[in-house]
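Here is the structure we will look at, set down as structure tokens.
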Amino acid sequence: MLKVNHAGEFGAIRIYGAQIWLARRLFPDIVPALQEMREDEIDHCRLFREAMPARNAKPCRVMAFWSLGGFLLGFLTALGGRNMIWICTEAVESTVHRHLEDQLAFLQTRDPELHRLIASIQEQELAHLQETEKNQTTRGFAYRILLPIIGFLTDLMIWLSTWGDSSWMRAEMASSTPV
Ligand SMILES: [Fe+2]
Ligand SMILES: [Fe+2]
């Protein structure tokens with residue numbers, strides 16, 4: 001969990017970094033909002049890194065992959081305009097939110113300290129999600145096409161980084177939760 005969360009935050013920093021770089025030239029009005037969110041992701045990345053040693057976790061071996069993937073996603077969406085930036089953030093944050101929910105359920109009794117950390121980070125990610133929803137002027141064709149694609153790519157990255165543990169965890173909890 002720490003490995004994929006840490007790598008994911010790193011990817012998010014790169015997404016925002018690329019978007020900020022282009023937004024400075026194309027639509028500077030949204031730079032402050034993006035910068036604020038990037039600051040949060042830097043914080044999250046550090047917090048997950050700091051939680052690693054006590055739990056014998058190590059950073060993901062394919063950080064370069066996250067770095068490149070994040071940069072490309074940020075850059076390409078920013079080329080599409082303001083709205084596309086917010087769609088990208090919404091897709092990523094809502095996918096991340098779903099995974100954090102799974103993690104929280106799993107950790108509740110297993111690691112209360114990490115549970116607290118993730119819950120506080122999740123609160124900030126939710127604020128990011130609300131901010132993107134607020135900023136979208138239209139939700140047309142691009143929204144319907146891009147949202148599932150970016151959501152799928154985010155899921156795929158998470159799945160690859162945990163070698164499928166993310167879906168194992170979800171199935172395990174589904175079978176142990178009383179209906
Ligand atoms: Fe984050
Ligand atoms: Fe975020």
Side-chain angles (χ1 to χ4, degrees), residues 1-53 55 57-104 114 117-136 146-147 149-162 166:
M1 268 181 227
L2 283 172
K3 191 179 270 192
V4 70
N5 289 8
H6 171 255
E9 299 291 356
F10 185 70
I13 295 171
R14 296 281 288 160
I15 294 178
Y16 286 120
Q19 290 176 338
I20 290 168
W21 189 84
L22 259 182
R24 275 214 180 97
R25 286 148 184 89
L26 302 175
F27 13 84
D29 55 300
I30 63 165
V31 169
L34 292 173
Q35 261 167 345
E36 213 172 288
M37 292 197 247
R38 184 169 178 271
E39 291 296 315
D40 285 344
E41 313 301 4
I42 291 173
D43 251 358
H44 302 165
C45 193
R46 177 181 52 82
L47 289 167
F48 283 133
R49 182 69 188 89
E50 284 170 2
M52 281 183 174
R55 294 167 179 86
K58 287 201 176 65
C60 188
R61 276 165 305 172
V62 287
M63 290 294 270
F65 193 49
W66 285 88
S67 172
L68 182 69
F71 182 85
L72 278 178
L73 188 57
F75 193 82
L76 292 175
T77 48
L79 278 180
R82 286 183 184 75
N83 225 38
M84 209 84 107
I85 288 183
W86 301 126
I87 293 172
C88 168
T89 311
E90 181 179 341
V92 174
E93 296 285 5
S94 53
T95 309
V96 165
H97 182 71
R98 192 160 35 78
H99 283 280
L100 293 184
E101 283 289 283
D102 288 350
Q103 294 182 356
L104 285 174
L114 188 58
L117 174 68
I118 293 183
S120 74
I121 287 177
Q122 188 194 36
E123 220 171 281
Q124 287 189 317
E125 306 293 14
L126 266 183
H128 295 174
L129 186 58
Q130 282 155 3
E131 167 103 20
T132 65
E133 285 166 352
K134 191 182 81 197
N135 288 329
Q136 281 174 55
L146 271 183
L147 201 77
I149 294 178
I150 299 174
F152 171 78
L153 289 176
T154 311
D155 258 333
L156 184 69
M157 287 288 280
I158 292 172
W159 195 86
L160 285 176
S161 290
T162 59
S166 59

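Just so it is clear, the model here is predicted, and its values are computed rather than measured.
In this structure, the side chains of Ile118 and Asn5 come closer than 4.5 Å at one or more pairs of heavy atoms. Between Ile87 and Thr77 there is no side-chain heavy-atom pair separated by less than 4.5 Å. Contact annotation: the side chain of Asn135 never approaches that of Thr89 to less than 4.5 Å [non-hydrogen atoms, C-beta and beyond]. No side-chain heavy atom of Glu93 sits less than 4.5 Å from a side-chain heavy atom of Thr132. With contacts defined as side-chain heavy-atom distances shorter than 4.5 Å, the pair Leu126/Glu123 does not qualify. Contact of the Ile42 side chain with the Arg38 side chain is registered, since non-hydrogen atoms from C-beta on lie closer than 4.5 Å.
Judged purely by atom type and a 3.5 angstrom limit, Arg25 uses its side chain to pair as donor or acceptor with the backbone of Trp21.
Distance OH/Tyr16 to CD/Glu39: 12.0 Å, rounded to 0.5 Å. Here Leu76 contributes atom CG and Ile15 contributes atom CD1; the two are 11.0 Å apart, rounded to the nearest 0.5 Å. To the nearest 0.5 Å, atom CD1 of residue Ile158 and atom CG of residue Leu153 are 11.0 Å apart. Separation of atoms CE (Met63) and CG (Leu68) is listed at 13.5 Å; rounding is to 0.5 Å. To the nearest 0.5 angstrom, His44 atom NE2 is 7.5 Å from Leu47 atom CG.
Contact between Met52 and Leu2 at its shortest, heavy atoms only, is CE-O, 3.6 Å. In terms of heavy-atom proximity, Arg14 sits nearest to Ser67 at NE-OG, 2.9 Å. Nearest heavy-atom pair across Ile85 and Ala78 is CG1-CA, 3.7 Å. Closest approach of Pro59 to Arg49, counting heavy atoms only: CG-NE, 3.7 Å. Pairing each heavy atom of Leu117 with each of Ala51, the nearest pair is CD2-CB, 4.2 Å. Taking both residues in full, the closest heavy atoms of His6 and Cys45 are given as CD2-O, 3.4 Å, listed atom of the first, atom of the second, then distance.
Residue-environment remark: CD (Glu101) exceeds the threshold of 12 foreign heavy atoms within 6.0 Å. Counting non-hydrogen atoms of neighbouring residues, nucleotides and ligands closer than 6.0 angstrom, the CZ atom of Phe152 reaches no more than 12 such neighbours.
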Ile13/Trp66 under side-chain contact (heavy atoms from CB on, under 4.5 Å): CA gap, chis, key distance, verdict: CA-CA 10 Å; Ile13 295 171; Trp66 285 88; over 6 Å; no
Stepwise side-chain contact (heavy atoms from CB on, under 4.5 Å) test for Leu146 and Cys88: CA-CA 8 Å; Leu146 271 183; Cys88 168; over 6 Å; no
Derivation of the side-chain contact (heavy atoms from CB on, under 4.5 Å) call for His128 and Glu125: CA-CA 5 Å; His128 295 174; Glu125 306 293 14; 3.3 Å; yes
side-chain contact (heavy atoms from CB on, under 4.5 Å) between Thr95 and Arg98, worked out: CA-CA 5 Å; Thr95 309; Arg98 192 160 35 78; 3.7 Å; yes
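Remark: Arg24 pairs with Ile20, Val31, Gln35 by the side chain to side chain contact (heavy atoms under 4.5 Å, CB included) rule, at least two apart or across chains.
Applying the ring-ring contact (aromatic ring centres under 6.0 Å, His included) definition to pairs two or more places apart or across chains, those involving residues 67-100 are Phe71-Phe75.
In the model, Glu41 has no side-chain atom that pairs as donor or acceptor with a side-chain atom of Gln124 under 3.5 Å.
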